[in-house]
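Worksheet: the structure to be examined is printed underneath.
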Amino acid sequence: MLELECGHGLLWQENRDRIPQDWKIVVSDFSVRMFEEAQTNLKDIPHTFEFRIVDAQQIPYGDSSFDYGIANNMLYHIPNLSLALSEIRRVLKTGGQCFATTIGQNVVDMFARLMQAAQSEQSEPQDDGFKFTLTSGASLQANYFPQVTLERLDRQVNIPDAGLLSAMLSSFTHMDAPSEHDDDAGSQKPLSFTFEYGLFIATSQANTNQ
């Protein structure tokens, strides 16, 4: 099993008691800092992980190396998404599956509005270029996987102060945090919305028995 862009290693921390001992798990990230944090966070888990720095656009493993691939909330960050999907398909065995989570377009649009409101008037609005969403994910993967299914995991989110969310997004993008005088981003207005979220399961060869 290959996990791409593992971040802090949260997936395995939260499931530490559910990992079969015979699983061979490669935990990888393109960021050296995330890679090192994952190593630190997972060192006390009683399982032997293989840690690698990996670019999803150039996976350093041979064809048909893995039964499963995991891409949690990361495919929308990849510059060359087509190349990454092609690489994931290449390293999966026949019948192998890729599990990819992502967000819906409503979340992308809301984040974009909040981030733009958090920018100074002199700054140009940033386009995050989210390519892999719940709307587009199936068709994008269909070019490489003959069978793609989606499990929706939507949930209702209630935030008492929208300004807190804007401040968090600003920290991610190194923008100036919104001031208390900003009408949109810095206000203390509550924010309620449906957080559209889902899991794509892409299989390298469709099950002909279905």
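Worth knowing before you read on, the calculation uses all heavy atoms, side chains too, and leaves out hydrogens, waters and symmetry mates.
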CA sep, side-chain torsions, deciding dist, call: Val54, Phe30, side-chain contact (heavy atoms from CB on, under 4.5 Å): CA-CA 5 Å; Val54 172; Phe30 185 61; over 6 Å; no
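- Counting heavy atoms from C-beta on, the side chains of Leu191 and Met110 come closer than 4.5 Å.
- Taking 4.5 Å as the limit, some side-chain heavy atom of Ile159 sits within range of a side-chain heavy atom of Phe193.
- Listed here is the closest heavy atom pair of Ser65 and Lys93: O-CE, 4.0 Å.
- Put simply, CD1 on Ile103 and CG on Asp154 are 12.0 Å apart, with the number rounded to the nearest 0.5 Å.
- The cluster map of Ile, Leu, Val, Met, Phe, Trp and Tyr, joined by side-chain heavy atoms under 4.5 Å apart, puts Phe51 and Met1 in the same cluster.
- Side chain to side chain, Asn41 and Glu37 fail the donor-acceptor criterion of an N or O pair below 3.5 Å.
- Residues Ile53 and Ser28 are not in side-chain contact: their nearest non-hydrogen atoms beyond the backbone lie 4.5 Å or more apart.
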When you look at Leu42 and Ile45, which way does the side-chain contact (heavy atoms from CB on, under 4.5 Å) test go after all the steps? CA-CA 5 Å; Leu42 301 180; Ile45 294 180; 3.5 Å; yes
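- What you find for Leu4 and Ala56 is that their closest heavy atoms are CD1-CB, 4.1 Å.
- The nearest pair of heavy atoms linking Gln141 to Ala202 is OE1-CB, 3.4 Å.
- Tracing side-chain contacts under 4.5 Å through hydrophobic residues (I, L, V, M, F, W, Y), one reaches Leu2 starting from Tyr68; they form part of the same cluster.
- Counting only distance, with no hydrogens or angles, the side chain of Thr102 and the backbone of Phe132 share a donor-acceptor pair below 3.5 Å.
- Relative to the six-membered ring of Phe195, Arg155 meets both conditions, a distance below 6.0 Å and an angle of at most 45° to the axis.
- Listed for the Thr133 side chain is no donor-acceptor partner under 3.5 Å among the backbone atoms of Gly104.
- Going from atom CG of Asn143 over to atom OG of Ser82 covers 7.0 Å, rounded to the nearest 0.5 Å.
- At a threshold of 4.5 Å between non-hydrogen side-chain atoms, the residues Ile25 and His47 count as touching.
- Tyr197 and Leu10 fall into different hydrophobic clusters, where Ile, Leu, Val, Met, Phe, Trp and Tyr side chains are chained together by heavy-atom contacts under 4.5 Å.
- Using a cutoff of 4.0 Å between basic side-chain nitrogens and carboxylate oxygens, Arg90 and Glu87 are scored as salt-bridged.
- Residues Val27 and Ala38 approach most closely at CG1-CB, 4.5 Å, considering heavy atoms.
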Are Val91 and Asp63 close enough, and set up right, to give a side-chain contact (heavy atoms from CB on, under 4.5 Å), and what steps lead you there? CA-CA 5 Å; Val91 300; Asp63 297 355; 5.9 Å; no
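- At a threshold of 4.5 Å between side-chain heavy atoms, the hydrophobic network of Ile, Leu, Val, Met, Phe, Trp and Tyr places Ile201 and Met74 in one connected group.
- Minimum interatomic distance between Thr203 and Gln97 (heavy atoms only, all atoms of both residues): OG1-NE2, 3.1 Å.
- Proximity of a side-chain donor or acceptor of Asp29 to a complementary backbone N or O of Gly7 within less than 3.5 Å is detected.
- The distance from the CZ atom of Phe145 to the CZ atom of Arg89 is 6.5 Å, given to the nearest 0.5 Å.
- Tyr144 and Leu83 fall into different hydrophobic clusters, where Ile, Leu, Val, Met, Phe, Trp and Tyr residues are linked whenever their side-chain heavy atoms come under 4.5 Å apart, directly or through other members.
- When ring centroids are compared, Phe66 and Tyr61 come within the 6.0 Å threshold.
- Using a 4.5 Å cut-off on side-chain heavy atoms (C-beta onward), His77 and Leu75 make no contact.
- Side-chain contact, Gln156 with Thr194: a donor N or O sits under 3.5 Å from an acceptor N or O.
- To the nearest 0.5 Å, atoms OG (Ser86) and CD1 (Ile59) are separated by 9.0 Å.
- If you check the side chains of Gln205 and Thr94, you find no donor sitting under 3.5 Å from an acceptor.
- Counting only heavy atoms from C-beta outward, the side chains of Asn72 and Leu11 approach each other to under 4.5 Å.
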Determine, step by step, whether Gln105 and Val107 satisfy the side-chain contact (heavy atoms from CB on, under 4.5 Å) criterion, reporting the C-alpha distance in whole Å, the side-chain angles of both residues, the deciding distance to 0.1 Å, and the verdict. CA-CA 5 Å; Gln105 190 62 44; Val107 180; over 6 Å; no
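- Under the 4.5 Å side-chain criterion, counting only non-hydrogen atoms from C-beta, Glu3 is not in contact with Val26.
- Counting only heavy atoms from C-beta outward, the side chains of Phe99 and Leu199 approach each other to under 4.5 Å.
- One finds the CG atom of Asp44 at 10.0 Å from the CD atom of Gln13 (value rounded to the nearest 0.5 Å).
- We find the CG-NZ distance between Asp67 and Lys24 to be 10.5 Å, quoted to the nearest 0.5 Å.
- The two residues Ala84 and Ile78 make their nearest non-hydrogen contact at CB-CG2, 3.8 Å.
- Cation-pi geometry between Arg52 and Phe35 is not met: the NZ or CZ atom fails to fall both under 6.0 Å from the ring centre and inside 45° of the normal.
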